[in-house]
Each structure stands twice: as structure tokens, then as C-alpha cells.
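Inspection log for the structure reproduced underneath, given as C-alpha cells.
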Amino acid sequence: MTITQAIEKRKSRRTYSDKPISPEHTALLRSRVDEYNQRSGLTIRLVEKGASAFAGIRKSYGMFKGVRSFFVMKGPAGDPHLKEKIGYYGELLVLEATALGLGTCWVGGTFDPSGIRRSSGEELVCVITVGPVPASETARERLIYKAIHRGTKTIDQLSMVTGTPPAWFQRGMKAVQKAPSTRNTQKVLFTYENGSLRASVPDTYKFDLVDLGIAKLHFSLAAKGRFEIGNGGSYIPPEKE
Ligand SMILES: Cc1cc2nc3c(=O)[nH]c(=O)nc-3n(C[C@H](O)[C@H](O)[C@H](O)COP(=O)(O)O)c2cc1C
């Protein structure tokens, strides 16, 4: 499965099998973490025995079961684009793990951060659970999904368009519809006018900019271009289009 195919397949998983990630998959994920940390200046870490952050109803509000491993999504507190980068590179890891057949879930609130190590000057933004999962969702996962999900916004609700955008716009927006977001609020707005496209969020909630990074990544993978960094950053299509 390619990363782009993983966009179609991914869904948040909250019940994990009682098995560790295989050594081959662990090595691959670790090498990706190193690569993305080098590229971005982030200090993401893969924790393999982290069950205590999710143990007991009190810590995970009963949402998660069997969590052993997670990515600790952190970086320099002074980086003005910290949260957007966390969203972008975290979602790349999510899609890579999905392509390996592993389950994942972004977790901003329902875990206990107290035992997670970080250095001074580092900000812990959130974690992403990762690991082997039962082939189909458990009844409990389906219940949580129903309670949180409330359906997906249409492309018209996710964008404001003046004029007729090129074909890549639809491709990108379909991938944005599939992107995870905080409580599935899907707040990122894509505005197309005068031949250019921008992505923005209100930035009124602590994870809005994480959602921005995730949505920009989904759009860019499907449309094959890239976005300038920043809230309101412009889309740069590939040279041959
Ligand atoms: C930044 C962020 C934080 C999240 N925090 C939590 C959380 O604390 N607990 C949880 O169960 N799900 C959390 N989620 C998962 C979302 O609820 C989920 O992505 C959304 O409902 C869409 O469902 P899907 O991922 O299955 O498409 C979070 C997602 C994002 C992007």
C-alpha cells in the first residue's frame, strides 16, 4: 500500500492487540522519525513501552484499550510553526504506519502526559498511538466513532471558490475530507481566488494549527504540490501540470 492509498484506508483506532510492533516495522518507523526530525527541527520520539500514559479509565477516559506504543509529538517551544509541523510530519508517520497495516490515533487530550520525558525548551503538543490492531473495529470502537464523528463535511463546506480551479483542486479536497482533525471539527478552510489557493484555520483552539498541518499534507499528497508554511500559506502546484 502506498502513502496515498493509506489516506483512503486510515481511520482512528482506539483498541490495540496485545502484541508489540514487529522489529522490522519498528526499525522503519524509527528511521522515518529520524529523517523527519532532521528535516523539521522537531524532536519526535517513538515510545515502545508507554502503556502507563493510557492505563486506567482515569487517564484515557475509557477511550483507549491495549496501547503499548506511541509517537511523542514534541519540538522546540520557540518554533513559530511548531504545531503546523507537528501536524504535517505526524500525519506522514500516521500514513506510513497505516501502509504497514498498523492502527493509529492522534491524541491531544485523553492521555496522561506526566510520565512523558521532555527536555527544557521542548513543548509536548500531543501523542499518536500506534500498533497492531484487530482486523476490524471492535463494537466499542464503533460506538466511540459514532459519538465523535458526526459525518464528513462536503467539499463546498471545506472551501470557498471564486472562478474555476484546475483539476488538482478536487483531488486535493477529496484527500482533505479524509484527514483526521480534533473532534472531527474539520476547521481548515481552503480558499481559491485569482488563480491561487490558500489554507487557513481560525486558530482559536490549541490544536487548530495541528489540524492545518494535517490537512495541508493530505491535500499536497493527492494534488502532488506543496504548501508554503504558515496560517494562510499558498499552494504551490508541481512544475509540470
Ligand atoms: C490534533 C488531534 C487531537 C486529537 N485528540 C484526540 C483525543 O484526545 N482522544 C481521541 O479519542 N481522539 C482524538 N483525536 C482523533 C479525532 O477524534 C479523529 O481524528 C476524528 O474524530 C476523525 O475520525 P477519523 O480519524 O477516524 O477519521 C484527535 C485528532 C487530532 C487531529
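As the structure lists them, so they are numbered: ligands from 1, and atoms in each ligand from 1. Here, residue 1 is the first one in the sequence, and each next residue gets the next number. For clarity, every value in this text was computed on a predicted model and none was experimentally measured.
- A donor-acceptor pair is defined here as one N or O able to donate and one able to accept, closer than 3.5 Å; such a pair exists between the side chain of Arg13 and the backbone of Pro134.
- Interatomic distance, NZ of Lys153 versus OG of Ser159, reported as 11.0 Å (0.5 Å rounding).
- In this structure, the protein non-hydrogen atom closest to atom 14 (N) of ligand 1 is Trp106 O, 3.0 Å.
- In terms of heavy-atom proximity, Gln186 sits nearest to Ser181 at N-OG, 3.1 Å.
- The shortest heavy-atom contact between Val67 and Thr129 is CG1-CG2, 3.8 Å.
- At least one donor-acceptor pair under 3.5 Å links the side chain of Asp208 to the backbone N or O of Tyr205.
- In terms of protein heavy-atom proximity, atom 19 (O) of ligand 1 is nearest to Pro180 CB, 3.3 Å.
- In the candidate list Thr104, Thr152, Thr182, Thr182 is nearest to atom 1 (C) of ligand 1, counting heavy atoms.
- From the protein, the heavy atom lying nearest to atom 7 (C) of ligand 1 is Thr110 OG1, 3.5 Å.
- Those atoms of ligand 1 with a heavy atom of Ile214 less than 4.0 angstrom away are 31 (C).
- Shown in contact with Ile148 at under 4.0 Å from a heavy atom are these atoms of ligand 1, numbered in order with element: 17 (O), 21 (O).
- The aromatic ring centroids of Tyr235 and Trp168 lie less than 6.0 Å from each other.
- Ion pair Arg32/Glu96 flagged as a salt bridge, since at least one NZ, NE, NH1 or NH2 atom sits closer than 4.0 Å to an Asp/Glu carboxylate oxygen.
- In Lys11, the parts holding a heavy atom less than 4.0 Å from any atom of ligand 1 are both the side chain and the backbone.
- From the protein, the heavy atom lying nearest to atom 5 (N) of ligand 1 is Gly108 N, 2.9 Å.
- Looking only at heavy atoms of the protein, atom 16 (C) of ligand 1 is closest to Ser181 O, 3.4 Å.
- Figure legend: cation-pi geometry between Lys11 and Tyr145, with NZ or CZ positioned under 6.0 Å from the six-membered ring centre and within 45° of its axis.
- Considering backbone and side-chain N/O of Arg10, one or more are found under 3.5 Å from N/O of ligand 1.
- With ligand atoms numbered from 1 in the order given, ligand 1 contributes 1 (C), 31 (C) to contacts under 4.0 Å with heavy atoms of Asp211.
- Here Ile144 has no heavy atoms under 4.0 Å from ligand 1, in either its backbone or its side chain.
- Residues Ile86 and Cys126 have side chains in contact (heavy-atom distance under 4.5 Å, counting atoms from C-beta outward).
- Residue, atom and distance of the protein heavy atom nearest to atom 8 (O) of ligand 1 are Gly109 N, 2.8 Å.
- Between Arg68 and Glu48 there is no salt bridge, since no side-chain nitrogen of the basic residue lies less than 4.0 Å from a carboxylate oxygen of the acidic one.
- Of all protein heavy atoms, the one lying nearest to atom 25 (O) of ligand 1 is Ser12 OG, 2.6 Å.
- Of the protein's non-hydrogen atoms, Arg14 NH2, 3.1 Å is the one closest to atom 12 (N) of ligand 1.
- For the ligand labelled ligand 1, residue Phe111 lies outside the 4.0 Å heavy-atom shell.
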